[in-house]
Number of protein chains: 2
Amino acid sequence: MSLHDTSKSVNCHAMSDVLNRIGDKWSVMVVGMLGRNGTLRFNELKRMINGVSQRMLTLTLRNLERDGLVTRTIYPEVPPRVEYGLTEMGKTLDGPISKLWDWSSEHHTAIIEARSVYDARATAVAAAEPRKVAYAQG
Amino acid sequence: MSLHDTSKSVNCHAMSDVLNRIGDKWSVMVVGMLGRNGTLRFNELKRMINGVSQRMLTLTLRNLERDGLVTRTIYPEVPPRVEYGLTEMGKTLDGPISKLWDWSSEHHTAIIEARSVYDARATAVAAAEPRKVAYAQG
DNA sequence: CAGGATCCTCGTCGATACTG
DNA sequence: CAGTATCGACGAGGATCCTG
């Protein structure tokens, strides 16, 4: 088949590295938001992303900027204004992320359901098996 | 434009929830591997994934199973044999993940480069600005 | 408004040892 | 082989306060 262990290792490394950034929840959010809205200010992002702390948003943006995915434009005004946008590379990432996004909203319900099924079964099994305790105490 | 804040919030929630699972490095790896190879045993996955601990692989597989993305088949033999595969929903996830995978290997180099550029600039700025210290100490 | 600095907590993960 | 159980270390991340 099409599986070469060597190339697999290399891809694995690249994925591993890239995933450390883009696999991050907030990064995906930021790229998604910027991909949809073009350009946003710090507090606009903060409001839209819902749950992100100021610290995390700052760090996320810095990392994305460092990786060449996000541009940071400072307007020397008062009050200060900083706008964030996607670089060309960032825009190419928006494609895959959108796919992921679509997948999420499409299958979210199914996942929630699968979880409750799994949990119900797990609980049932746990309840049906107090034997361990009985033996241990007997 | 096509941005509705309300639907955004909902999607944000769904993404947030889903990303907690699939945004996880190991989960992506596992789904990727299973997507490519069809079905794999525990230690096969462990060997292929390169760096995952036995504990993390177990947890990852349990979570994926719980979310209805991975099947777990136990063969009552000795020595024990357990095979993992993707569910139908899991297979649909393999698409988006493959996109991400491809993107990773395609842009990995550019990212590494962007980082070193950024770091070089950051270092230069830090070196060019000992004024703070000078003022503070003067 | 946009962030830097700090503290502190909670969860994550790896290592290890044991089981069926 | 395929796990479970436990512990300890570490770092991510939130809360808070402060600056330009």
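Every chain is numbered from 1, with letters handed out A, B, ... down the list of sequences. This one's a predicted model, so the numbers in the text were calculated from it and none came from an experiment.
Between Tyr75(B) atom OH and dG20(C) atom P the separation is 24 Å, expressed in whole Å. Distance CE (Met56(A)) to C1' (dG11(D)): 11 Å, rounded to an integer number of Å. Rounded to whole angstrom, the span from the CG atom of Leu57(B) across to the C1' atom of dT4(D) amounts to 14 Å. When the P atom of dA2(C) is taken as reference, atom CG of Asn43(A) falls 5 Å away, rounded to whole Å. Look at CG on Leu40(A): it is 15 Å from C1' on dC1(C), rounded to the nearest Å. Going from atom CZ of Arg72(A) over to atom P of dG3(C) covers 5 Å, rounded to whole Å. Regarding Ile49(A), its CD1 atom lies at a distance of 15 Å from the C1' atom of dA2(C), rounded to whole Å. Separating the CG atom of Asp24(B) from the P atom of dA12(D) is a distance of 15 Å, rounded to the nearest angstrom.
Here Arg41(B) does not pair with Glu44(B) in a salt bridge; the nearest charged N to carboxylate O distance is not below 4.0 Å.
Among dC1(D), dG3(D), dG3(C), the nucleotide with an atom closest to any side-chain atom of Phe42(B) is dG3(D).
Remark: the Arg81(B) side chain and the Thr73(B) side chain contain no N/O donor-acceptor pair separated by less than 3.5 Å.
Comparing Leu59(A) and Pro80(B) by the nucleotide of DNA chain D whose heavy atom lies nearest to each, the residue mapping closer to the 5' end is Pro80(B).
Nucleic acid contact class of Glu77(B) (heavy atoms, under 4.0 Å, all strands): none. Backbone-only engagement by Tyr84(A) is indicated by non-hydrogen atom pairs under 4.0 Å involving sugar-phosphate atoms exclusively.
Put simply, the side chain of Gln54(A) and the base of dG4(C) share a donor and an acceptor less than 3.5 Å apart.
In this model, the phosphate group of dA2(D) is approached by a side-chain N or O of Arg41(B) to a distance below 4.0 Å at OP1 or OP2. For Arg55(B), no side-chain nitrogen or oxygen approaches OP1 or OP2 of dG3(D) to under 4.0 Å.
Tyr118(B) and Leu69(A) end up in different hydrophobic clusters when Ile, Leu, Val, Met, Phe, Trp and Tyr side chains are linked at under 4.5 Å. Placement of Ile74(A) and Leu61(A) within a single hydrophobic cluster is found when ILVMFWY residues are connected by side-chain heavy-atom separations under 4.5 Å, directly or transitively.
Proximity of Leu86(B) to Leu64(B): side-chain heavy atoms (C-beta onward) are nowhere separated by under 4.5 Å.
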